Visitor: 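One structure, as structure tokens, below. Some questions next.
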Number of protein chains: 2
Amino acid sequence: MADKITNRCRDMGLQMTPQRLIIAEVLGASTDHPDVEELHQRATARNPEITVAQVYHTVKLFEEAGILEKLEFGDGRARYEDADRAHHDHLIDMNTGEVIEFVDPEIEALQEKIAEKLGYRLKDHKLELYGVPLNRRRQ
Amino acid sequence: MADKITNRCRDMGLQMTPQRLIIAEVLGASTDHPDVEELHQRATARNPEITVAQVYHTVKLFEEAGILEKLEFGDGRARYEDADRAHHDHLIDMNTGEVIEFVDPEIEALQEKIAEKLGYRLKDHKLELYGVPLNRRRQ
DNA sequence: GTATATGCAAAATCTTTGCAGACAC
DNA sequence: GTGTCTGCAAAGATTTTGCATATAC
């Protein structure tokens, strides 16, 4: 599990240098949603030779290779998670920053239904759902 | 309609200077999701005396007063819309940046159900939903 | 007259990029 | 040897802030 990302990197033909290996391990070992700063801290804990720039280089590369999913929850920092995990959505506690993962089959069906209703062919469009905060709603 | 924001500003005890009045009018007249740069352009079209800094000051103030909703769709720019509009969610076309508004009663019930299931009291938490892009899903 | 608003410029934050040296194959 | 990777530092982009001046009430 911890080296699944590493394997996919090799499959994509990416060189697995010591720096990338550690970043890949840190990513694989993370069950939360670390930002670059946090990834860098976890990586330097294993090897102090890793720079923030390298973390930026690497997450960008991994994202472009489809290995990582970039998440942006509106606090100005991008977060990353393994793109190969089973699908789930996120509910963010805007007061605390806590990220709650959940899966609900109804919400999935619903998103597809909405996309269809709007005439979107999912193969051609990357559609992302943003819900307005639950307790800010009117009407 | 175009001056509803202005009224709420006065209700909140905010001084309605010429600059704020124009920014409020621009916001009230917008049916899309302008960012600060776009708001500034629309405002200067009516009065060239408005600075970007003032737009930033004003949207922040209006957001804190509950008059505006700040939306962040992951492109690095904050977008704003009237917080008093009827509730809706957003589906973002990540290829084109297009923002599609929609309302679906099922998705609302679902979000509340999920929050409840997770033991969240909506009065105490501002919970925001982020869906992973529809066509990036596995399993 | 006092409190608030304005606007310039500087700073803060997150991210990207240029490039020279280092490493992998 | 050629292509890729690394890491420093500089630059970009968006947003925030300090503060002197101007305006609102």
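The model shown is predicted, which means the values in this text are computed figures rather than measured ones. Sequence lines set the chain letters: A, B, ... in the order given, protein chains first and strands last, and positions in each chain run from 1.
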Visitor: Checking B:Glu25 against B:Arg46 for the salt bridge (charged side-chain N to carboxylate O under 4.0 Å, His left out) test, could you report, in this order, the C-alpha distance in whole Å, the side-chain angles of both residues, the deciding distance, and whether it holds?
Guide: CA-CA 10 Å; B:Glu25 283 172 6; B:Arg46 300 188 186 207; 3.1 Å; yes
Visitor: May I ask you to verify if any side-chain N or O of A:Gln15 is less than 4.0 angstrom from the OP1 or OP2 atom of D:dT4?
Guide: no
Visitor: Looking at every strand, decide which applies to B:Pro18 at a 4.0 Å heavy-atom threshold: base, sugar-phosphate, or nothing.
Guide: sugar-phosphate
Visitor: Measure CD1/A:Ile23 against C1'/D:dG7 and give the value in whole Å, please.
Guide: 12 Å
Visitor: Counting just side-chain N and O atoms, does A:Tyr56 come under 4.0 Å of either OP1 or OP2 of C:dT16?
Guide: no
Visitor: To the nearest Å, how far apart are A:Leu61 CG and C:dT16 C1'?
Guide: 14 Å
Visitor: Rounding to a whole Å, what distance do you find between B:His57:NE2 and D:dT14:P?
Guide: 18 Å
Visitor: B:Glu63 CD to D:dT15 C1': how many Å, rounded?
Guide: 13 Å
Visitor: Closer than 3.5 angstrom, by distance alone: can the side chain of B:Arg20 be matched with the main-chain N or O of B:Thr58 as a donor-acceptor pair?
Guide: no
Visitor: Can you work out whether A:Gln19 or B:Glu72 has the more 5'-proximal nearest nucleotide on DNA chain D?
Guide: A:Gln19
Visitor: What pair of heavy atoms forms the shortest contact from B:Lys4 to B:Asp84, and how long is it?
Guide: NZ-OD2, 3.4 Å
Visitor: OP1 or OP2 of D:dT6 less than 4.0 angstrom from a side-chain nitrogen or oxygen of A:Arg20, does that happen here?
Guide: yes
Visitor: When the distance from CG of B:Leu21 to C1' of C:dT4 is rounded to whole Å, what number comes out?
Guide: 17 Å
Visitor: Looking at A:His33, is its backbone amide N or carbonyl O close enough to the side chain of A:Arg79 to form a donor-acceptor pair, meaning the two atoms are under 3.5 Å apart?
Guide: yes
Visitor: May I ask you to verify if any side-chain N or O of A:Thr17 is less than 4.0 angstrom from the OP1 or OP2 atom of D:dT6?
Guide: yes
Visitor: Starting from C1' on D:dT6, measure out to CD1 on A:Ile50 and report it in whole angstrom.
Guide: 11 Å
Visitor: From NZ of A:Lys70 over to P of C:dT15, roughly how many Å is that when rounded to an integer?
Guide: 7 Å
Visitor: Find which nucleotide of DNA chain D each of B:Lys60 and A:Thr51 is nearest to by heavy atoms, and output the residue with the more 5' nucleotide.
Guide: A:Thr51
Visitor: Does any N or O in the side chain of A:Thr51 come within less than 3.5 Å of the main-chain N or O of A:Gln54, such that one atom is a donor and the other an acceptor?
Guide: yes
Visitor: May I have the distance from A:Glu64 (atom CD) to C:dT16 (atom C1'), rounded to whole angstrom?
Guide: 11 Å
